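In what follows, chains are A, B, ... by sequence order, proteins preceding strands, each numbered from 1. Everything quoted here is computed from the prediction, not taken from an experiment.
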There are 2 protein chains.
Amino acid sequence: MTERIQIVENILSANDRLARENIELLNSFKVFSINIMASPGAGKTTFILKTLEAMQGRLRMGVIEGDLASTIDTDKAIAAGLPAVQINTGGECHLDANMVKDALASMPLKEMDLLIIENVGNLVCPVNFKIGSHLNILIASIPEGDDKPYKYPGSYRGMDALIISKIDLLPYVPFNMNYFTKGVEILNPGLATFPVSAKTGEGMAAWSNWLVQKVNQWKS
Amino acid sequence: MTERIQIVENILSANDRLARENIELLNSFKVFSINIMASPGAGKTTFILKTLEAMQGRLRMGVIEGDLASTIDTDKAIAAGLPAVQINTGGECHLDANMVKDALASMPLKEMDLLIIENVGNLVCPVNFKIGSHLNILIASIPEGDDKPYKYPGSYRGMDALIISKIDLLPYVPFNMNYFTKGVEILNPGLATFPVSAKTGEGMAAWSNWLVQKVNQWKS
């Protein structure tokens with residue numbers, strides 16, 4: 001058992017080192033990066049495409065898409081005119097720093113201000129693996145239900161912002177916003193939170209303004 | 001690296017052995033067990049409670065609830081009058097056979113016909129760990145989107161039935177049923193599929209009749 005724990009620790013510390021190298025590379029090109037995490041189907045890709053629209057040319061963006069299989073998300077990003085690289089993890093339930101390092105080698109970093117990394121759809125694994133990001137963003141979707149902070153506390157700790165997506169579905173599903181936000185507040189007091197609907201566009205301006213401000217603060 | 005692979009193989013084979021022991025224990029008590037897997041928030045617990053209702057006393061049921069944290073789901077099952085045991089996995093993204101073995105020791109197996117095991121909400125990890133079940137059931141919810149078979153193929157292979165949940169949300173979200181079922185058919189041809197709505201009750205009779213028949217076939 002000690003041997004097993006030791007090996008897991010070695011893997012994590014090798015990953016942390018590569019994640020630091022990724023950050024240094026991004027810093028050298030003045031590219032700000034965000035790591036977007038969520039359950040499968042919380043609306044990560046649609047949210048990223050709507051963020052691009054909401055940016056309206058204020059920042060030059062690129063996208064790394066993480067999935068077990070398929071190029072569905074990258075195809076959408078490329079169709080929207082973004083530089084995009086797909087990572088297929090095979091069986092792995094998260095991106096790691098080495099996968100992102102390889103993807104960065106294919107990105108036009110010189111022509112970018114913001115890199116959005118869409119992690120594998122999973123509420124457990126991604127939080128344990130740093131990949132080289134300046135901010136960690138969690139998306140929680142309304143139809144997933146209001147009990148997720150209580151069931152997946154690890155996903156809420158250590159986040160820099162929370163997106164509550166698909167708020168247009170609030171009339172059709174049981175979701176107690178007070179119960180949800182109470183759970184979030186216990187785990188991550190004062191967390192910047194943005195309720196949005198990619199469908200109606202509600203909330204996208206507040207989120208994109210906040211993000212642009214974060215990037216500009218970091219650059220200055 | 002070889003050492004790491006060897007250790008992972010040892011863990012999996014020890015788990016398989018325990019899973020076989022769980023099945024043998026269940027068989028000795030004539031308890032049929034199903035392992036329910038899905039993304040976070042696909043509606044597993046509500047579906048289980050509605051299954052209980054749809055059974056209308058035809059089978060005596062018990063529930064094991066798997067979550068990283070909290071007893072929310074077990075509280076609901078107990079409130080519905082079911083024998084229920086909660087497993088909190090801490091950081092683990094799946095149940096394993098040893099956790100289920102411990103939980104079985106607290107279940108009134110003599111007074112049960114059907115054990116429903118609700119796995120941790122995750123589309124990646126649970127499929128790799130046998131726990132001791134006669135059938136594997138996947139729940140895919142409409143608001144997660146129609147591309148999930150293409151992105152999480154491993155979750156669709158090896159399943160014995162597919163529940164498509166929250167079909168009452170179809171009018172409000174983009175979901176191409178042909179595209180979805182085409183993906184499922186490639187991965188798992190002829191998979192028994194039950195579209196349901198826990199909200200309206202639609203589809204619950206077809207599912208529960210199928211399940212009762214499976215249990216009765218197995219018992220005879």
Discussion item. Tell me the closest heavy-atom pair linking A:Lys76 and B:Asp147, and the distance in Å.
Written reply: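 Closest approach of A:Lys76 to B:Asp147, heavy atoms only: NZ-OD2, 4.3 Å.
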Options [options], ranked by heavy-atom pairs under 4.5 Å with chain A, top entry:
{"options": "B:Asp73, B:Val127, B:Asn128", "answer": "B:Asp73"}
{"options": "B:Ser70, B:Gly91, B:Gly154, B:Ser141", "answer": "B:Ser70"}
{"options": "B:Asn122, B:Asn88, B:Leu123", "answer": "B:Asn122"}

Worksheet entry | Any residue of residues 34-46 of chain A which, by heavy atoms, sits under 4.5 Å from chain B |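 Contacts with chain B: A:Ser39, A:Pro40, A:Gly41, A:Thr45.
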Worksheet entry | Within-4.5 Å side-chain heavy-atom neighbours: A:Val173 and B:Leu169 |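 With C-beta onward as the side chain, the pair touches.
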Fill in: Residue part contacting chain A, namely of B:Leu68, when any heavy atom lies under 4.5 Å
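For B:Leu68, backbone and side chain are both near chain A.
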Item to complete: Give, as side chain, backbone, both or neither, the part of B:Lys151 having an atom under 4.5 angstrom from any heavy atom of chain A.
Response: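 Answer is both: backbone and side chain atoms of B:Lys151 are under 4.5 Å from chain A.
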Worksheet item: Do side-chain atoms of B:Tyr152 reach the backbone of A:Gly121 as a donor and acceptor pair under 3.5 angstrom?
Response: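 Yes; judged by distance alone, with no hydrogens or angles, the pair exists.
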Worksheet entry | Option in A:Pro143, A:Pro153, A:Pro174 with maximal non-hydrogen atom pairs under 4.5 Å from chain B |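 Counting heavy-atom pairs under 4.5 Å, the top option is A:Pro143.
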Discussion item. Per the side-chain hydrogen bond (donor to acceptor under 3.5 Å, both in side chains) rule, what does the pair list look like for residues 163-180 of chain A, sequence neighbours excluded?
Written reply: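 Only A:Asp168-A:Ser197 qualify under side-chain hydrogen bond (donor to acceptor under 3.5 Å, both in side chains).
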Worksheet item: Residues in side chain to side chain contact (heavy atoms under 4.5 Å, CB included) with B:Asn22, at least two apart?
Response: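 Checked B:Asn22 against side chain to side chain contact (heavy atoms under 4.5 Å, CB included); matches are B:Ala97, B:Val100, B:Lys101, B:Leu104.
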Discussion item. Taking disulfide (SG to SG under 2.5 Å) as the cut-off, I'd like each qualifying pair that reaches into residues 118-184 of chain B, sequence neighbours left out, listed once.
Written reply: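 Residue pairs passing disulfide (SG to SG under 2.5 Å), neighbours aside: B:Cys93-B:Cys125.
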